[in-house]
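Just so it is clear, the values below take in all heavy atoms, side chains as well, and ignore hydrogens, waters and symmetry mates. Both ligands and their constituent atoms are indexed starting at 1 by order of listing. Computed from a predicted model, the values in this text were never measured in an experiment.
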Amino acid sequence: MTQVTSGMRAVLSVPAVYDLFENVVGATRCRASFVRDFVKPVAGERVLDVGCGTAAILACLPDVDYCGYDISEAYIAKARRRFGARGHFVAALLAEHSLEHERPFNLVLAIGLLHHLDDDEATQLLRLCRAALAPCGRLITLDPCFDHAQSPVARWIISRDRGQNVRDADGYRRLASDLFTMTAVHLRSDLLRIPYTHAILECSG
Ligand SMILES: C[S@@+](CC[C@H](N)C(=O)[O-])C[C@H]1O[C@@H](n2cnc3c(N)ncnc32)[C@H](O)[C@@H]1O
């Protein structure tokens, strides 16, 4: 959900260290607010979480039918240890064939993922997400965001992120606007304990 310096990349790839860092900056509270204000899940819904990491978001979700994908074997192993049968966890890149036998999802989440992908990779991923959605389903993403009104400290922290593709609100919206009928971007600067700006992209249709 958050990262700070490229020098910390190796350390943060250890799942326990990543989760500890996240908790120090307030990621647990951030996830709870994100779920309450934007995801608004309903028990029984099918949820696909792309780039799920250690699937920490599951702790904030009701009893949903959860499927998490992440390219990190270590993160997926930790998700399995922590959540077991509460979800289905796959250590792989999400691809077209991954979804062939899946029923449509009510919610697709990509938390802290788009800012790691360039425009072509992100558009390709969003196309897969759209294909995975049920007709009334929603895609919701959360990423760091540049904004002219943010504090210099927030801008500096975000500029040190491991992700090389942090965008402004329009940049995130543009990724999805040709793929979905409805796209909205919400900015929040109060989700973490540190100065930070998040963009929440919500897409449907
Ligand atoms: C910043 S972490 C966010 C993890 C989790 N969503 C969270 O909120 O804690 C980004 C995650 O995306 C994963 N990732 C990066 N590129 C990916 C891709 N193309 N497909 C699936 N996962 C990917 C990384 O392994 C990493 O776990």
Side-chain angles (χ1 to χ4, degrees), residues 1-6 8-36 38-39 41 47-61 64 66-83 87-99 102 105 107-129 131-132 139-145 157-158 160-167 172 175 188 191-192 194 196 198-201:
M1 194 171 277
T2 49
Q3 302 85 39
V4 176
T5 70
S6 56
M8 292 173 72
R9 182 189 297 265
V11 178
L12 288 175
S13 67
V14 178
V17 177
Y18 178 80
D19 281 348
L20 177 66
F21 171 74
E22 290 270 283
N23 287 330
V24 168
V25 297
T28 304
R29 194 190 59 167
C30 171
R31 284 191 191 92
S33 305
F34 170 66
V35 168
R36 182 192 63 226
F38 300 102
V39 182
V47 178
L48 173 65
D49 187 4
V50 190
C52 66
T54 58
I57 193 77
L58 246 183
C60 304
L61 298 179
V64 294
Y66 176 95
C67 178
Y69 271 79
D70 200 284
I71 51 174
S72 162
E73 298 264 1
Y75 286 166
I76 288 294
K78 171 140 194 227
R80 288 193 183 117
R81 281 198 302 278
R82 179 170 177 196
F83 293 107
H88 175 57
F89 307 100
V90 186
L93 197 73
L94 184 73
E96 227 161 291
H97 64 82
S98 323
L99 302 171
E102 290 285 0
F105 291 89
L107 284 168
V108 176
L109 306 176
I111 303 167
L113 180 56
L114 290 181
H115 71 288
H116 289 281
L117 308 179
D118 67 27
D119 283 6
D120 287 345
E121 293 167 330
T123 306
Q124 200 178 336
L125 181 89
L126 293 181
R127 192 168 286 121
L128 287 176
C129 292
L139 164 71
I140 306 176
T141 73
L142 175 75
D143 286 279
C145 184
I157 292 173
I158 290 168
R160 310 301 298 164
D161 197 286
R162 283 187 294 172
Q164 295 299 300
N165 298 280
V166 176
R167 300 164 173 92
Y172 286 113
L175 293 174
R188 289 282 293 261
L191 295 181
L192 291 177
I194 56 173
Y196 208 82
H198 284 102
I200 296 98
L201 171 67

N or O contact, G51 vs ligand 1, cut-off under 3.5 Å
yes

Any donor-acceptor N/O pair, D70 side chain to G53 backbone, under 3.5 Å
yes

Which of the atoms of ligand 1 are close to H116, meaning less than 4.0 Å from one of its heavy atoms?
1 (C)

If I apply the N/O under 3.5 Å rule, does D70 come out as touching ligand 1?
yes

Taking the minimum heavy-atom distance to atom 8 (O) of ligand 1, which of L113, L114, D161, I111 ranks first?
I111

For ligand 1, which is the ligand I care about here, please tell me if L94 has any N or O atom under 3.5 Å from one of the ligand's N or O atoms.
no

Polar proximity ligand 1 side, R31 side, N/O cut 3.5 Å exclusive
yes

Check whether R82 reaches the backbone of A59 with its side chain - one donor and one acceptor, N or O, closer than 3.5 Å.
no

Which ligand 1 atoms are under 4.0 Å away from a heavy-atom of L93?
18 (C), 19 (N), 20 (N)

Could you grab the distance from atom CG of L99 to atom SG of C129, nearest 0.5 Å is fine?
8.5 Å

Side chain, backbone, both or neither: which part of C52 comes within less than 4.0 Å of ligand 1 when only heavy atoms are counted?
backbone

The reported gap from CG in L109 to CG in L61 (rounded to nearest 0.5 angstrom) is 7.0 Å

For the atom pair CD1 (I71) and NE2 (H116), what is the distance rounded to the nearest 0.5 Å?
9.0 Å

More than 12 heavy atoms of other residues, nucleotides or ligands under 6.0 Å from CD of E96: is that the case?
no

